[in-house]
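Here is the structure we will look at.
Order of the sequence lines fixes the chain letters, A, B, ..., with proteins taken first and strands second; residue numbering starts at 1 for each chain.
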Number of protein chains: 4
Amino acid sequence: MPRPRFDKLTPERREEILDVAASEFAARGFEAASLNRILERLGLSKGAAYYYFDGKQDLFAAVVEAAGQKVLDAVDWDRLEGAPDFWLEIDRVLVALSQLFAEDQRLAGLARAVATMGGRASQALSSINEQSETFWERLLAIGRARGAVRDDVPTRLLQHALQGMFQGIDRYDTTAGDERRHGQLASRMAVDFMRRMSESAGTGPRNRTP
Amino acid sequence: MPRPRFDKLTPERREEILDVAASEFAARGFEAASLNRILERLGLSKGAAYYYFDGKQDLFAAVVEAAGQKVLDAVDWDRLEGAPDFWLEIDRVLVALSQLFAEDQRLAGLARAVATMGGRASQALSSINEQSETFWERLLAIGRARGAVRDDVPTRLLQHALQGMFQGIDRYDTTAGDERRHGQLASRMAVDFMRRMSESAGTGPRNRTP
Amino acid sequence: MPRPRFDKLTPERREEILDVAASEFAARGFEAASLNRILERLGLSKGAAYYYFDGKQDLFAAVVEAAGQKVLDAVDWDRLEGAPDFWLEIDRVLVALSQLFAEDQRLAGLARAVATMGGRASQALSSINEQSETFWERLLAIGRARGAVRDDVPTRLLQHALQGMFQGIDRYDTTAGDERRHGQLASRMAVDFMRRMSESAGTGPRNRTP
Amino acid sequence: MPRPRFDKLTPERREEILDVAASEFAARGFEAASLNRILERLGLSKGAAYYYFDGKQDLFAAVVEAAGQKVLDAVDWDRLEGAPDFWLEIDRVLVALSQLFAEDQRLAGLARAVATMGGRASQALSSINEQSETFWERLLAIGRARGAVRDDVPTRLLQHALQGMFQGIDRYDTTAGDERRHGQLASRMAVDFMRRMSESAGTGPRNRTP
DNA sequence: AATGAATGAGATTTCATTCAT
DNA sequence: TATGAATGAAATCTCATTCAT
């Protein structure tokens with residue numbers, strides 16, 4: 001994770017650095033991404049880079065954390081907690097997220113890049129995983145408290161299954177021909193899949209997707 | 001894809017080559033895998049390698065295709081087609097597959113490696129994608145013919161969603177602590193998720209998982 | 001030079017081999033040309049290639065010699081010897097040659113490739129140089145016997161200067177934009193340059209080019 | 001072309017680098033030259049090389065440009081412009097150049113190397129071609145302004161023909177046995193050839209070479 | 001607080017040639 | 001006569017990282 005010094009930079013510079021790095025990582029994946037290229041595009045010296053970050057992995061971690069924060073912030077947790085119909089609200093949440101992903105093309109790429117790292121990135125990604133788990137745990141916990149989400153399956157298992165399902169849809173989206181229509185359909189189906197996977201039995205009518 | 005010459009090698013050598021390469025690709029992903037390391041471990045000269053394969057990507061494609069074939073072969077398609085209860089048979093199929101994955105640890109790694117390549121590997125992976133689509137299309141087509149699989153969603157979208165879900169579960173499996181018990185649970189849950197995602201409405205009782 | 005065995009091949013095969021090799025050498029120059037690529041395109045095995053030729057240089061020599069023979073054969077030496085006006089006949093000769101070069105695009109490329117080798121190709125090119133010298137010596141000797149070509153400069157020097165000049169024009173031709181018109185102009189100017197360089201003083205009017 | 005950083009090296013180091021590289025390129029031509037060998041001889045690490053240059057072609061371009069500059073600097077343009085007898089002055093210029101080439105053996109080799117690249121080196125050699133054209137355009141423009149150089153032929157055509165002729169003489173020079181005497185003769189003849197090729201008709205007596 | 005020169009290992013790939021069969 | 005498997009050196013280039021200043 002970035003050294004404390006990194007926070008002393010102006011917010012603009014900080015954001016620019018993470019921005020450019022995000023583009024590279026998202027476009028090429030962690031391994032194929034080139035630190036050199038990132039720094040060149042940034043006009044940042046090698047020395048400076050290693051002054052702020054501990055290396056390539058550390059920069060990657062910072063980038064992904066920032067992206068994760070964006071996702072966390074895009075959800076109105078209080079509203080979700082208080083919503084009368086959990087699944088209806090989830091629908092809103094996912095629509096918001098899919099808009100976020102549509103606006104910031106790098107998010108999907110980063111998600112893919114993280115998935116790639118697998119077991120390899122030992123320490124660097126621990127914070128990322130925590131963050132990711134936070135998101136799902138929070139979301140599923142709320143659902144469970146409402147009795148909307150099944151409790152016959154470990155949270156982490158459900159989380160990974162959902163996460164994977166979303167990534168699969170993302171991959172479909174990426175390779176689909178007619179982009180606009182597919183994007184909408186994919187987003188709608190994602191909600192449907194999520195509900196089917198997570199809903200506790202007997203919660204309500206079988207199929208809410210019109 | 002490997003040059004025709006490759007097929008002239010003894011089956012043992014062929015398998016050994018694909019085996020070692022599979023280990024490397026599965027363990028590190030495509031980008032981070034080192035062709036050098038593979039050849040070194042094989043005692044194969046660089047020249048020979050390029051005599052049989054067109055390059056790193058080509059070798060990767062061969063490795064993945066062989067793995068894919070294993071998966072295809074693990075399914076008894078005729079039996080699936082004739083089974084009285086589709087979902088019951090699917091359960092058997094997935095159990096078989098999860099055993100296959102458990103036995104050959106590299107399979108999951110390869111699946112991850114393929115997922116990683118994303119758009120980058122253009123031509124080299126076309127055959128792989130075909131193979132993968134073949135598997136799912138076949139499976140879903142049978143399910144649809146039986147009226148067991150919903151038809152309100154494009155096959156490819158469903159395929160990707162399912163594929164991603166399984167990968168998510170695999171990732172859960174990989175990082176879970178108590179391996180044995182989790183593996184079984186995960187496998188059982190995978191069937192449940194798949195059924196929930198794919199089942200056509202009104203097919204039967206809501207939740208078959210006891 | 002090709003081993004005697006080479007002559008035992010059918011003329012068609014012989015020509016095909018030299019043809020394909022000529023394309024490669026002409027297109028890439030000697031160093032960058034790939035023997036592998038040539039053999040692949042020919043469907044000729046490595047073993048066979050080394051059975052007929054002594055190696056890359058040897059093949060190159062054979063290719064160039066064949067090309068040189070074409071050039072030698074394109075000149076009607078008897079007619080040149082008996083022509084009433086030497087320079088008028090040279091004009092015809094050069095037009096014929098420039099047509100030959102226009103028809104067989106590889107000739108110019110080969111000429112360039114030979115020029116490249118410089119001192120390096122020690123033995124392999126000796127025959128080529130002999131051939132080349134034969135051409136010019138013959139041509140200049142006739143001109144001298146007629147009193148049309150100056151004799152205050154060593155033949156070999158004149159030869160190299162002329163050869164170089166032609167190559168220069170060839171290079172101009174290659175890079176010129178409007179191909180058709182330039183080709184004609186270049187060919188016409190080549191004769192003019194050659195005459196100016198070679199004509200003995202006081203042979204006639206200053207400028208025959210209309 | 002070398003990155004700006006290259007100019008920050010000490011002049012000595014800069015010259016040494018270009019020197020060693022020039023030797024290799026001149027001796028073997030571009031394709032056969034080995035970047036590895038150059039760096040080894042220089043005691044320069046690969047990384048450093050690519051820190052200063054963009055690659056082999058880039059280094060080559062730098063080498064040739066430096067050489068070209070030497071040639072341009074060897075001509076006293078002002079004096080040529082003001083000389084009472086253009087061709088007499090050209091004689092001086094060419095003698096100076098032939099001395100330059102005699103002193104720096106690599107120059108001719110480099111000229112040959114450049115000629116070799118032909119169409120292949122697309123962008124890398126654009127600056128070199130400009131430089132070369134500058135030299136000839138300048139020289140011929142002065143001659144034309146004086147009425148000494150014919151204007152019935154495009155400058156670039158004349159330029160290439162002259163350039164080729166000089167290279168031919170250089171090749172003669174290289175392969176000639178008795179070096180000293182030939183060199184002088186060749187230099188003298190080069191002037192004669194150039195004049196014959198370029199002189200506008202009716203400028204003066206037919207043959208100035210005694 | 002920052003620079004940027006330098007490293008050197010390692011990447012993938014291509015080459016001409018040999019030789020057992 | 002002919003094959004084609006095998007070699008291994010060498011090619012160009014990129015990488016993340018270090019460190020003296």
Side-chain angles (χ1 to χ4, degrees), chain A residues 3 5-6 8-9 30-40 43-60, chain B residues 3-6 8-10 13 31-40 43-60, chain C residues 3 5-6 8-9 30-40 43-60, chain D residues 3-6 8-10 13 31-40 43-60:
Chain A
R3 310 234 167 100
R5 307 146 169 171
F6 184 62
K8 294 190 186 158
L9 286 177
F30 176 77
E31 305 282 1
S34 159
L35 190 53
N36 285 353
R37 208 159 20 218
I38 292 172
L39 300 184
E40 208 167 318
L44 191 65
S45 75
K46 292 270 173 78
Y50 277 83
Y51 180 72
Y52 291 121
F53 300 95
D54 208 32
K56 193 188 184 184
Q57 283 207 0
D58 192 39
L59 173 57
F60 183 60
Chain B
R3 308 234 169 104
R5 304 148 169 169
F6 183 63
K8 294 193 188 157
L9 287 177
T10 67
R13 186 59 169 161
E31 306 280 1
S34 158
L35 193 50
N36 280 356
R37 207 157 23 212
I38 293 172
L39 300 184
E40 215 168 308
L44 194 65
S45 75
K46 303 236 173 107
Y50 278 85
Y51 181 69
Y52 291 117
F53 300 95
D54 215 31
K56 194 188 185 184
Q57 282 208 2
D58 192 39
L59 173 57
F60 182 60
Chain C
R3 310 233 167 105
R5 306 146 170 172
F6 184 61
K8 293 191 188 159
L9 287 177
F30 176 77
E31 305 283 0
S34 159
L35 190 52
N36 284 355
R37 205 156 26 213
I38 292 172
L39 300 185
E40 208 167 318
L44 192 65
S45 75
K46 291 269 174 78
Y50 277 83
Y51 180 70
Y52 292 122
F53 300 95
D54 209 31
K56 193 187 185 186
Q57 283 206 1
D58 192 39
L59 173 58
F60 183 59
Chain D
R3 310 235 168 101
R5 306 145 167 169
F6 183 63
K8 293 191 188 157
L9 287 178
T10 67
R13 186 59 169 160
E31 305 279 3
S34 159
L35 192 51
N36 281 356
R37 206 156 26 212
I38 293 172
L39 300 184
E40 214 167 306
L44 195 64
S45 74
K46 299 233 178 112
Y50 279 83
Y51 182 69
Y52 292 118
F53 299 95
D54 214 30
K56 193 188 185 186
Q57 282 206 2
D58 192 39
L59 173 57
F60 182 60

Partner nucleotide, any strand, of E/dA16 [Watson-Crick/G-U, under 3.5 Å]: F/dT7
Atom-to-atom span, CZ of C/F60 to P of E/dA16 - whole angstrom: 13 Å
Listed nucleotide nearest any side-chain atom of C/Y52, set E/dC15, E/dA2, F/dA2: F/dA2
Candidates E/dC15, E/dA2, F/dG8 - which lies nearest the side chain of C/N36: E/dC15
Contact under 4.0 Å: C/S34 side-chain N or O vs E/dT14 OP1/OP2: no
Closest non-hydrogen atom pair, B/F53 against B/D58: CA-OD2, 3.4 Å
Pair assignment for E/dT21, Watson-Crick or G-U wobble, requiring both distances under 3.5 Å: F/dA2
Among E/dA2, E/dT7, E/dT17, the one nearest C/L35 by side-chain distance: E/dT17
Distance in angstrom units between A/D54 CG and F/dT18 C1', rounded: 13 Å
Plane angle bin for A/Y52 and A/F6 - parallel if under 30°, tilted between 30 and 60°, otherwise perpendicular: perpendicular
Donor-acceptor contact below 3.5 Å, side chain C/K46 vs main chain C/L39: no
Sugar-phosphate only, base, or nothing, as touched by D/K56 at under 4.0 Å among non-hydrogen atoms: sugar-phosphate
First of D/G47 and B/G47 reached from the 5' end of DNA chain E, by closest nucleotide: D/G47
Distance, rounded to the nearest Å, where C/L39 contributes CG and E/dT18 contributes P: 14 Å
Rounded distance (Å) that lies between atom P of F/dG4 and atom CG of B/L9: 14 Å
For atom CG of D/L44 and atom C1' of E/dT7, their distance in whole Å: 11 Å
Check: F/dT17 base within 3.5 Å donor-acceptor of A/K46 side chain: yes
Options E/dT12, E/dA16, F/dT17, nucleotide nearest the side-chain atoms of A/Y50: F/dT17
Beyond-backbone contact of B/Y50 with B/L35, side-chain heavy atoms, under 4.5 angstrom: yes
Atom-pair distance (NZ on A/K8; P on E/dA2), nearest Å: 10 Å
Side-chain heavy atoms of D/E31 within contact of C/F30, under 4.5 Å: no
Sugar-phosphate only, base, or nothing, as touched by C/A33 at under 4.0 Å among non-hydrogen atoms: sugar-phosphate
Nearest-0.5 Å distance, OG of residue C/S34 to CD of residue C/E40: 8.0 Å
Earlier contact from the 5' end, DNA chain F, for B/R5 and A/R37: B/R5
Sugar-phosphate only, base, or nothing, as touched by D/G55 at under 4.0 Å among non-hydrogen atoms: sugar-phosphate
Whole angstrom value for the distance that separates P of E/dA6 from CZ of D/R13: 8 Å
Whole angstrom value for the distance that separates P of E/dA16 from CD of D/E31: 12 Å
